[in-house]
Amino acid sequence: ISASLALALDSGRLYGTRFFRISIFIPYAVPGVVSTLMWGFLLGTRYGLFKNVNELFGTDVDPFSPSSVIVAIGVMISWGSIGYNMLIFYSSLKAIPTELYEAAAIDGVNPWQKFWKITFPLIGPFFTINLVLSMKNALGTFDQVVALTDGGPNSATETVTYLIWKGGLTGGEYAYQTANAVLFFILLANIAI
């Protein structure tokens, strides 16, 4: 999604590009707890958006059920990180020399070939950067879990960082959770390498 948004903004065909860049990046600037509380209100079945959806369609959908709560948290995290990833792709697109595109236009290259032979290979390393950062952020999900579900329901949203925090600070397992934190660091370092 981030790469396609960056390509759309870089194409210059959108009216109000500056507004779209800012509006896509704003969710990244909002603190995690604030956005989590906002999403919790939107997804709430007592007062939020899902209450209205359930009343409108006569359904009983609960986004905080054990089977769907992890999807709700994934949507929240994606909403907050799309702007940052888009910014990385957008800056990589701006770094591509325009002479390459001009030479391709002279050679009669179509837009798909231009993307596949010029753009994609030059922004390929940024896909790797975004992948590593996204995996690190996904594995380190903490504030969304604490603010929205506190690891529930039925331990469906317990992440590694949440378990380290809960077991270490509230469970008295200091040595055990320190060892888990070191192993978690080694795992993240291997992913980054």
Side-chain angles (χ1 to χ4, degrees), residues 1-3 5-6 19-57 59-90 129-192:
I1 294 174
S2 301
L5 285 172
F19 170 76
F20 284 116
R21 277 191 307 220
I22 292 169
S23 63
I24 292 170
F25 188 73
I26 282 177
Y28 177 74
V30 174
V33 174
V34 173
S35 67
T36 302
L37 293 175
M38 179 195 72
W39 277 97
F41 179 74
L42 285 174
L43 297 176
T45 55
R46 291 182 58 197
Y47 305 109
L49 178 68
F50 267 84
K51 176 186 180 287
N52 297 333
V53 170
N54 286 337
E55 287 176 359
L56 182 66
F57 294 109
T59 60
D60 191 24
V61 177
D62 184 12
F64 296 115
S65 67
S67 61
S68 61
V69 70
I70 199 73
V71 174
I73 289 180
V75 168
M76 285 186 335
I77 294 169
S78 299
W79 175 79
S81 63
I82 283 175
Y84 180 74
N85 295 337
M86 188 237 10
L87 185 66
I88 291 174
F89 285 126
Y90 186 73
I129 291 169
N130 271 337
L131 179 67
V132 169
L133 291 175
S134 296
M135 288 183 68
K136 184 218 38 113
N137 291 337
L139 289 172
T141 301
F142 175 74
D143 48 352
Q144 292 91 350
V145 171
V146 172
L148 191 63
T149 63
D150 199 28
N154 299 331
S155 304
T157 59
E158 287 184 350
T159 61
V160 175
T161 52
Y162 176 79
L163 289 174
I164 290 171
W165 169 76
K166 186 177 179 184
L169 292 181
T170 61
E173 303 170 339
Y174 304 114
Y176 182 68
Q177 297 305 331
T178 302
N180 280 340
V182 170
L183 289 174
F184 187 58
F185 168 74
I186 292 170
L187 174 71
L188 288 177
N190 284 328
I191 290 172

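Count residues from 1 along the sequence. From a predicted model like this one, the values you see are computed outputs, not experimental measurements. For the numbers below, each heavy atom of this structure counts, side chains included, while hydrogens, waters and symmetry mates do not.
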Quick one: are [X] and [Y] in side-chain contact, heavy atoms under 4.5 Å?
X    : Y    : value
T161 : F184 : yes
F64  : P153 : no
I24  : L5   : yes
V145 : I73  : yes

How many angstroms lie between atom [atom1] of [X] and atom [atom2] of [Y], to the nearest 0.5 angstrom?
X    : Y    : atom1 : atom2 : value
L183 : T178 : CG    : OG1   : 11.0 Å
N137 : N130 : CG    : CG    : 10.0 Å
E158 : D150 : CD    : CG    : 9.0 Å
Q144 : T36  : CD    : OG1   : 4.5 Å

Considering non-hydrogen atoms only, spot the tightest contact between Y90 and A6 and give its length.
N-CB, 3.6 Å

Using every non-hydrogen atom in the two residues, find where L43 and P63 come nearest and quote the distance to one decimal.
O-CG, 3.1 Å

Residues, nucleotides or ligands: over 12 heavy atoms within 6.0 Å of [X] [atom1]:
X   : atom1 : result
I1  : CD1   : no
F25 : CZ    : yes
Y84 : OH    : no

Decide side-chain contact (heavy atoms from CB on, under 4.5 Å) for M76 and L148; before the verdict, give the C-alpha distance in whole Å, the side-chain angles of both, and the deciding distance to 0.1 Å.
CA-CA 11 Å; M76 285 186 335; L148 191 63; 3.7 Å; yes

For the residue pair F142 and Y162, categorise the inter-ring angle as parallel (less than 30°), tilted (30 to 60°) or perpendicular (more than 60°).
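Rings of F142 and Y162: tilted, as their planes differ by 30° to 60°.
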
After noting the C-alpha distance and the side-chain angles of T159 and T141, does the key distance pass the side-chain hydrogen bond (donor to acceptor under 3.5 Å, both in side chains) rule?
CA-CA 7 Å; T159 61; T141 301; over 6 Å; no

